[in-house]
Amino acid sequence: MGYALARVAAMRGAEVTLVSGPVQLDTPIGVKRIDVITAAEMYDAMVKESDNADIVIMSAAVADFTPATVADNKIKKGDGEGMSIPLNRTADILKTLGEKKASGEKNMILVGFSMETENLVENSRKKLTSKNADMICANSLTTEGAGYQVDTNIVTIITKDDTIQLPLMSKDDVADSIFDAVIDGFGIE
């Protein structure tokens, strides 16, 4: 979805920076790409790049937790008997950017994504408020054709004043609809 958003934004004439985790996708024409591997690298890149952005759209599904320690070598089956892996919470990129926006440190339109398995609109509305986002694009992990490993998506666009349910569409068409909603909803020219 992030690549579709970057491609459509560039086709509409925007100067686009795409922060991407490891994927097998080509960088859209006219898009600056920053590759990251870890959630911490994604956080650092997004915080830095947001300083120069008017619109930030966060569509990546960044892990909420990471291992507290990483082994230097392979852990053999026998050595791992009864093992548990302690986890640390990753930094919340959307929340951090929302705090920058709320403090007046940065004036931007902030769009997040919400992948839900239940109470799609209710949970996404909570995220809109708690993260100080301007828009949440919600999709359900349980809906066929939405999300990962497919070229389609089904998104519900949520703002403080509106909820727009999009039908099953190509990811490029979803991206176009998201940009239309940003332009119409926030007076962008």
Side-chain angles (χ1 to χ4, degrees), residues 1-6 8-9 18-23 36 38-40 42-43 46-47 50 53 55-68 84-103 106 108-188:
M1 193 67 236
Y3 279 70
L5 287 159
V8 168
L18 172 65
V19 179
S20 176
V23 295
V36 298
T38 68
M42 174 84 65
Y43 177 90
M46 288 303 303
V47 169
S50 71
I55 301 169
V56 175
I57 302 179
M58 308 265 313
S59 66
V62 179
D64 291 330
F65 296 92
T66 55
S84 64
I85 300 174
L87 300 173
N88 290 333
R89 201 163 206 5
T90 57
D92 188 326
I93 304 168
L94 185 60
K95 183 175 181 180
T96 297
L97 297 184
E99 289 168 351
K100 282 177 74 169
K101 189 172 90 70
S103 73
K106 176 63 182 158
M108 69 180 121
I109 295 170
L110 185 58
V111 179
F113 270 65
S114 177
M115 178 65 81
E116 300 292 339
T117 56
E118 58 187 7
N119 304 320
L120 181 100
V121 173
E122 179 184 327
N123 288 340
S124 297
R125 254 195 202 289
K126 286 179 186 173
K127 187 174 191 175
L128 178 80
T129 303
S130 70
K131 309 290 181 164
N132 196 42
D134 297 296
M135 179 185 291
I136 294 291
C137 301
N139 50 16
S140 172
L141 196 55
T142 60
T143 304
E144 184 149 343
Y148 307 103
Q149 307 300 322
V150 292
D151 293 328
T152 58
N153 207 347
I154 302 171
V155 169
T156 302
I157 297 173
I158 300 168
T159 64
K160 67 178 178 134
D161 298 322
D162 208 359
T163 301
I164 304 164
Q165 172 64 58
L166 301 177
L168 176 67
M169 306 165 82
S170 73
K171 287 184 177 175
D172 282 357
D173 288 342
V174 170
D176 258 326
S177 295
I178 290 169
F179 283 114
D180 288 345
V182 167
I183 291 165
D184 294 344
F186 303 103
I188 305 285

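Residue numbers start at 1 and run along the sequence shown.
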Taking side chain as C-beta onward, heavy atoms only, is Lys131 less than 4.5 Å from Ile136? no
Would the number of heavy atoms belonging to other residues, nucleotides or ligands and lying under 6.0 Å from CG of Asp151 be above 12? no
Is there a side-chain contact between Thr156 and Ser124, using heavy atoms and a 4.5 Å cut-off? no
Is there a side-chain contact between Lys127 and Ile158 (heavy atoms, below 4.5 Å)? no
Are any of the side-chain heavy atoms of Asn132 and Leu110 separated by less than 4.5 Å? no
So, Thr152 side chain and Leu168 main chain: donor-acceptor pair closer than 3.5 Å or not? no
Side chains of Phe113 and Leu5: closer than 4.5 Å at any heavy-atom pair? yes
With sequence neighbours excluded, tell me which residues meet side chain to side chain contact (heavy atoms under 4.5 Å, CB included) with Ala181. Met135, Ile157
Closest non-hydrogen atom pair between Lys100 and Ser50, with its separation: NZ-OG, 3.2 Å
Using a 4.5 Å cut-off on heavy atoms from C-beta on, say whether the side chain of Val111 contacts that of Cys137. yes
Counting only N and O atoms by type, is there a donor-acceptor contact under 3.5 Å from the side chain of Asn139 to the main-chain atoms of Val155? no
Does anything in residues 111-123 pair up under salt bridge (Lys or Arg N to Asp or Glu O under 4.0 Å), and if so which pairs, sequence neighbours excluded? Glu122-Lys126
Could you grab the distance from atom CD1 of Ile55 to atom CD1 of Ile183, nearest 0.5 Å is fine? 7.0 Å
Taking all heavy atoms of Ala175 and all of Val8, pick out the closest pair and write down the distance. CB-CG2, 3.8 Å
Is a side-chain donor or acceptor of Arg125 paired with a backbone partner of Leu120 at a separation under 3.5 angstrom? no
With no hydrogens and no angle check, do the side chains of Asp173 and Ser170 hold a donor and an acceptor under 3.5 Å apart? yes
Restricting to side chain to side chain contact (heavy atoms under 4.5 Å, CB included), what partner residues turn up for Thr129, sequence neighbours left out? none
Identified side-chain contact (heavy atoms from CB on, under 4.5 Å) partner of Met1 from the options Val174, Asp172, Ile57: Val174
Where do Val56 and Met108 come nearest, in terms of heavy atoms and distance? CG2-SD, 3.5 Å
From Asn88 CG over to Phe65 CZ, what is the distance, rounded to the nearest 0.5 angstrom? 9.5 Å
Side chains of Thr38 and Thr66 in contact at under 4.5 Å (non-hydrogen atoms): no
One should read off an interatomic distance between Leu94 CG and Ser114 OG, to the nearest 0.5 angstrom, of 9.5 Å
Taking all heavy atoms of Gly21 and all of Met42, pick out the closest pair and write down the distance. N-CE, 4.0 Å
Asp134 side chain reached by Lys101 side chain, heavy atoms, under 4.5 Å: yes
Does atom CD1 (Ile85) have a neighbourhood of more than 12 heavy atoms from anything else shown, all under 6.0 Å? no
